[in-house]
Amino acid sequence: MTFTGLAFDTCTAPGLATMNAWHGTSPYGAAAVYIGGKNRGCAQPQLTADWVKSVSGSGWKLVPLYVGAQPPCQTGNSPEKLTADTAVPLGTTDGRDAVAKAAALGMRPGSTLYLDVEAYDTADTSCAAAVLAYVQSWNRAVHGSGYWAGFYGFASSSAAGIAKAAGENAPDLPDAVWYAKYDGAADTTGSFPFAAGLWSGHRRAHQYQVNQKETYGGATVTVDRNAWDAPVAVVG
């Protein structure tokens with residue numbers, strides 16, 4: 001299932017009252033939700049199968065985001081980091097976990113699950129190779145369960161690494177790419193930072209602004225803004 005329009009993401013999924021207040025009054029038609037991963041930064045008290053069913057029933061499209069293992073050369077203290085030795089088995093384990101988390105929320109096979117890989121130094125070739133091995137393994141696990149594999153990363157680093165691999169015809173790459181590039185351009189074409197032929201045909205999303213405090217229908221949430229032209233979750 002593909003959605004084209006504006007999407008928002010925020011760390012903790014909003015309550016049903018907020019989602020209902022925003023539906024039809026905000027410019028957004030889709031919402032990204034953090035379904036799992038050991039590096040997921042926020043508690044998700046609202047994010048249940050009933051919540052997914054309710055917001056989907058009211059017309060929202062959902063983007064499942066999984067914060068997997070992070071690069072070995074990344075600064076910061078992520079609870080789960082991959083290494084060259086663990087990249088492949090960890091990718092398999094995390095990919096299967098992403099599928100289990102999505103299925104438990106009522107997101108069916110055919111849904112696209114997005115793997116969140118944060119910024120790292122792509123000039124570090126051993127680090128980049130380990131990240132690619134992890135992403136490929138995660139993708140294979142997701143595909144093996146009948147789901148699609150998406151990827152969220154920064155245009156200047158993590159997403160650039162995947163685009164480089166795509167240019168080299170590497171196997172087992174993401175079906176869709178959601179790139180962070182904070183240029184304020186709400187599109188997925190003119191702002192697209194990689195070769196024009198990559199992820200064409202409704203397989204791109206662009207996070208173009210972050211930390212925007214917005215109020216619709218009397219409910220206020222701080223969100224990141226995304227231009228979306230890519231697959232989303234299949235619910236119901």
Side-chain angles (χ1 to χ4, degrees), residues 3 5-70 74 76-81 94 97-107 111-119 138 147 150-154 158 176 178-180 182 186 205-228 230-236:
F3 170 76
L6 294 182
F8 76 84
D9 64 277
T10 189
C11 200
T12 298
L16 275 178
T18 296
M19 294 298 288
N20 290 335
W22 275 41
H23 186 255
T25 61
S26 78
Y28 303 107
V33 290
Y34 289 89
I35 64 168
K38 290 181 180 176
N39 291 315
R40 182 172 69 171
C42 289
Q44 300 293 345
Q46 313 291 346
L47 190 55
T48 64
D50 285 343
W51 184 94
V52 168
K53 184 177 180 180
S54 182
V55 299
S56 298
S58 69
W60 286 102
K61 304 304 179 192
L62 295 175
V63 178
L65 190 58
Y66 186 89
V67 191
Q70 295 300 306
Q74 188 184 82
N77 297 312
S78 298
E80 182 182 59
K81 282 192 175 182
D94 285 355
D97 183 56
V99 166
K101 294 292 194 294
L105 289 169
M107 298 173 177
S111 298
T112 301
L113 312 181
Y114 288 82
L115 175 63
D116 181 333
V117 178
E118 296 294 316
W138 193 91
Y147 288 73
F151 183 88
Y152 167 87
F154 287 81
S158 42
W178 176 9
Y179 60 97
Y182 305 135
H206 175 200
Q207 187 181 63
Y208 64 90
Q209 271 182 322
V210 293
N211 298 324
Q212 302 295 308
K213 189 174 183 179
E214 302 185 32
T215 303
Y216 302 103
T220 302
V221 186
T222 298
V223 302
D224 300 339
R225 297 172 175 172
N226 304 274
W228 207 269
V232 293
V234 178
V235 178

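Every residue two or more places apart in sequence or in another chain that forms a side-chain hydrogen bond (donor to acceptor under 3.5 Å, both in side chains) with Gln74 is listed here: Gln70, Ser78. Under the side-chain contact (heavy atoms from CB on, under 4.5 Å) criterion, Ser56 pairs with Val52, Leu62, Val235, not counting sequence neighbours. Remark: Thr222 pairs with no residue by the side-chain hydrogen bond (donor to acceptor under 3.5 Å, both in side chains) rule, at least two apart or across chains. Residues forming a side-chain contact (heavy atoms from CB on, under 4.5 Å) with Thr25 (at least two apart in sequence, or on another chain): Tyr216. Residues passing the salt bridge (Lys or Arg N to Asp or Glu O under 4.0 Å) test with Asp97, sequence neighbours excluded: Lys101. Residues satisfying the salt bridge (Lys or Arg N to Asp or Glu O under 4.0 Å) criterion with Lys81, sequence neighbours excluded, are absent altogether. Listed by chain and residue number, Ile35, Met107, Leu113, Tyr147 satisfy the side-chain contact (heavy atoms from CB on, under 4.5 Å) test with Ala102 (two or more places apart in sequence, or in another chain).
Residue pairs meeting the salt bridge (Lys or Arg N to Asp or Glu O under 4.0 Å) criterion with at least one partner in residues 24-35, sequence neighbours excluded, are absent. Residue pairs meeting the salt bridge (Lys or Arg N to Asp or Glu O under 4.0 Å) criterion with at least one partner in residues 50-69, sequence neighbours excluded, are absent. Screening residues 11-64 for disulfide bond (SG atoms under 2.5 Å apart), with sequence neighbours left out, gives Cys11-Cys42. Under the salt bridge (Lys or Arg N to Asp or Glu O under 4.0 Å) criterion, no residue pair touches residues 8-34, with sequence neighbours excluded. Residue pairs meeting the salt bridge (Lys or Arg N to Asp or Glu O under 4.0 Å) criterion with at least one member in residues 207-227, sequence neighbours excluded, are Glu214-Arg225.
Using a distance-only test at 3.5 Å, with no hydrogens or angles considered, a donor-acceptor pair links the side chain of Trp60 to the main chain of Met19. With hydrogens and angles ignored, the 3.5 Å screen pairs a side-chain donor or acceptor of Gln212 with a backbone N or O of Val210. The backbone N or O of Thr215 sits nowhere less than 3.5 Å from a side-chain atom of Thr220 that would complete a donor-acceptor pair.
The side-chain heavy atoms of Glu80 and Asp94, taken from C-beta on, include a pair separated by under 4.5 Å.
Scanning both residues, Ala186 and Leu6, for their nearest heavy atoms gives CB-CD2, 4.3 Å. Shortest non-hydrogen contact noted between Tyr114 and Trp138 is C-CH2, 4.2 Å. Closest of all the heavy-atom pairs between Gln207 and Tyr152 is OE1-OH, 2.6 Å. Pairing each heavy atom of Ala13 with each of Trp51, the nearest pair is CB-CZ2, 4.0 Å.
For the atom pair Trp178 CH2 and Leu115 CG, the distance stands at 11.5 Å (nearest 0.5 Å).
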